[in-house]
Asker: 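To start, I am sharing the structure in question, which I have written as structure tokens.
In this chain, residues are counted from 1 in sequence order.
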Amino acid sequence: TKDHAKLNVVNGAHVAGIEYMPVSSSSMVGFYVDGNISVVETWAITNQNKVLYSKVVNNHKLVTGSSSLVGDVVGTCSSN
């Protein structure tokens, strides 16, 4: 199967203040900047139905760190 992803904006708002931008048909990058805080997220779906996620938070006054995960895609999202 071919990799694919669809980016939806809910009610004209970005999720948790993070602005997402598709990079390809199967990946997107999100970013947020506010004062001393910056956040960068990446999402990708492989052709083996795996989701790859990474997040970097840089906060000069509090916590700076990163996280990542690999998971199984088990379904699709739909809106009513």
Asker: With side chains defined as the heavy atoms from C-beta onward, is the minimum distance between Val39 and Lys55 less than 4.5 Å?
Answerer: yes

Asker: Excluding sequence neighbours, so at least two apart, what forms side chain to side chain donor-acceptor pair (under 3.5 Å) with Asn36?
Answerer: none

Asker: For Val57 and Thr64: C-alpha separation, side-chain torsions, deciding distance, then whether side-chain contact (heavy atoms from CB on, under 4.5 Å) applies.
Answerer: CA-CA 5 Å; Val57 177; Thr64 296; over 6 Å; no

Asker: Stepwise, does the side-chain contact (heavy atoms from CB on, under 4.5 Å) test hold for Val51 with Trp43?
Answerer: CA-CA 7 Å; Val51 62; Trp43 290 90; 3.7 Å; yes

Asker: Between CE of Met28 and CD1 of Ile18, what distance do you get to the nearest 0.5 Å?
Answerer: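 Here the rounded value is 9.5 Å.
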
Asker: With a 4.5 Å cut-off on side-chain heavy-atom distances among I, L, V, M, F, W and Y, is there a chain of contacts connecting Val23 to Val73?
Answerer: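 Different clusters.
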
Asker: For Val33, give me all partners under side chain to side chain contact (heavy atoms under 4.5 Å, CB included), at least two apart in sequence or on another chain.
Answerer: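 Val33 satisfies side chain to side chain contact (heavy atoms under 4.5 Å, CB included) with Ser38 only.
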
Asker: For Phe31, which residues count as a ring pair (Phe, Tyr, Trp, His ring centres under 6.0 Å) partner, sequence neighbours excluded?
Answerer: none

Asker: Quick check: is Val74 connected to Leu69 through a chain of hydrophobic side chains (ILVMFWY, heavy atoms under 4.5 Å apart)?
Answerer: no

Asker: Between OG of Ser54 and CD of Glu41, what distance do you get to the nearest 0.5 Å?
Answerer: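 It is 8.0 Å, given to the nearest 0.5 Å.
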
Asker: Rounded at 0.5 Å granularity, tell me how far OH in Tyr32 sits from CD1 in Ile37.
Answerer: 6.0 Å

